Amino acid sequence: SNLSWLGYGCLKQDWTLITVNAVGAALQTLYILAYLYYSPAKRPVLLQSLLLLAALAAGYGYFTLLITDTRMRLVRLGLFCSVFTISMYLSPLADLAKIVRSKSTRCLSFPLTVTTFLASTSWTLYGLQLHDPYIMVPNMPGIITSVVRFWLFWRYPPGQDKPY
């Protein structure tokens, strides 16, 4: 996600997108390397990392070699980044049925919910300021899903878990 948004920022020459996503990509790379170093099962992690690098190289080739028009490249990369961002924001709700059934928010992270709310709100406002729907629109689900998670924390407070 960071690398995609970094590419989008480079195409737009938007230094805010470039700076934030360069730092994010560097931190994610360090996280992956640390995980790989400390992982007891190195082979599957290494294979997954190599597969992701191959997908990244294919995406780079698609966006730089096959789409020669810069405006069209910006539109398609913006759409790709948008879909990726929306799926990222929706992923924590995959456990929604489990949360409601168990009446427990144990599998949700409150600090992550707060951070997601603040980040998605910031990016939505930034996209609104720039009149850039590719930044604004995909971050709106982050606000909505954060509000849903806040409601779940209110409805099923930690420590009030239903015994299994």
Side-chain angles (χ1 to χ4, degrees), residues 1-12 14 16-32 34-35 44-45 47-49 51-60 62-63 67 73-158 160-162 164:
S1 177
N2 286 124
L3 290 173
S4 299
W5 281 112
L6 178 60
Y8 184 78
C10 287
L11 274 176
K12 283 192 73 163
D14 181 328
T16 300
L17 283 172
I18 292 169
T19 304
V20 168
N21 287 291
V23 169
L27 291 173
Q28 287 292 328
T29 300
L30 288 173
Y31 174 80
I32 291 168
Y35 184 84
V45 175
L47 288 174
Q48 288 172 348
S49 298
L51 182 64
L52 288 173
L53 280 174
L56 181 65
Y60 179 79
Y62 171 75
F63 286 111
I67 305 174
R73 186 182 308 156
L74 192 64
V75 167
R76 292 205 181 155
L77 187 54
L79 285 171
F80 175 80
C81 291
S82 295
V83 169
F84 208 101
T85 300
I86 290 168
S87 64
M88 178 188 71
Y89 283 135
L90 294 178
S91 65
L93 294 180
D95 291 329
L96 188 61
K98 182 175 130 183
I99 293 166
V100 172
R101 194 172 34 250
S102 68
K103 298 183 185 328
S104 171
T105 53
R106 190 178 358 206
C107 63
L108 291 179
S109 166
F110 190 76
L112 180 61
T113 301
V114 172
T115 305
T116 299
F117 179 75
L118 294 174
S120 58
T121 301
S122 298
W123 283 115
T124 299
L125 293 173
Y126 183 69
L128 189 63
Q129 180 183 6
L130 295 180
H131 304 289
D132 188 331
Y134 299 114
I135 298 172
M136 180 180 51
V137 172
N139 283 288
M140 288 177 175
I143 297 169
I144 295 165
T145 58
S146 295
V147 169
V148 168
R149 287 184 281 165
F150 283 134
W151 179 82
L152 288 169
F153 280 109
W154 173 79
R155 179 72 176 95
Y156 307 117
Q160 304 293 320
D161 296 350
K162 177 181 163 186
Y164 290 100

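Hydrogens, waters and symmetry mates play no part in the numbers below; they use all other heavy atoms, side chains included. Every value quoted in this text rests on a predicted model; they were computed, and no experiment measured them. FYI, the numbering just counts along the sequence from 1.
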Heavy-atom closest pair, residues V137 and P141 | O-CD, 3.1 Å

Please report the C-alpha distance between D95 and L108 in whole Å, then the side-chain angles of each, then the deciding distance to 0.1 Å, and finally whether the side-chain contact (heavy atoms from CB on, under 4.5 Å) criterion is met.
-> CA-CA 9 Å; D95 291 329; L108 291 179; 5.9 Å; no

Inter-residue atom distance L3.CG - L52.CG, 0.5 Å rounding = 10.5 Å

Rounded to the nearest 0.5 Å, how far does CE of M136 lie from CG of L125?
-> 10.5 Å

For Y156 and T105, which heavy atoms make the closest approach, and how far apart are they?
-> O-OG1, 3.0 Å

Y89 versus N139, side-chain donor and acceptor atoms under 3.5 Å = yes

Of all heavy-atom pairs linking P138 and P133, the shortest is CD-O, 3.4 Å

Within a reach of under 6.0 Å around CZ of F84, are more than 12 heavy atoms found that belong to other residues, nucleotides or ligands?
-> no

For D132 and Y8, work out which heavy atoms get closest and say how close.
-> OD2-OH, 2.8 Å

Should Y126 and V20 count as side-chain neighbours, where that means a heavy-atom distance under 4.5 Å?
-> no

How long is the span from the CG atom in L128 to the OG1 atom in T121, to the nearest 0.5 Å?
-> 12.0 Å

Taking W5 as the fixed residue, which of T85, D14, N21 is the one that meets the side-chain hydrogen bond (donor to acceptor under 3.5 Å, both in side chains) rule?
-> T85

Could you give the distance from CZ (F63) to OG (S4), rounded to the nearest 0.5 Å?
-> 7.0 Å

Which atom names give the shortest non-hydrogen contact between M140 and T124, and what distance separates them?
-> N-OG1, 3.6 Å

Classify the angle between the aromatic ring planes of W151 and W154 as parallel (below 30°), tilted (30 to 60°) or perpendicular (above 60°).
-> tilted

The reported gap from CG in L77 to OH in Y60 (rounded to nearest 0.5 angstrom) is 11.5 Å

Once you round to the nearest 0.5 Å, how far does CG of L6 lie from CG of L17?
-> 9.0 Å

Short side-chain to backbone donor-acceptor contact, S120 and I143, under 3.5 Å = yes

Minimum heavy-atom separation for S49 to I32, with atom names?
-> OG-CG2, 3.9 Å

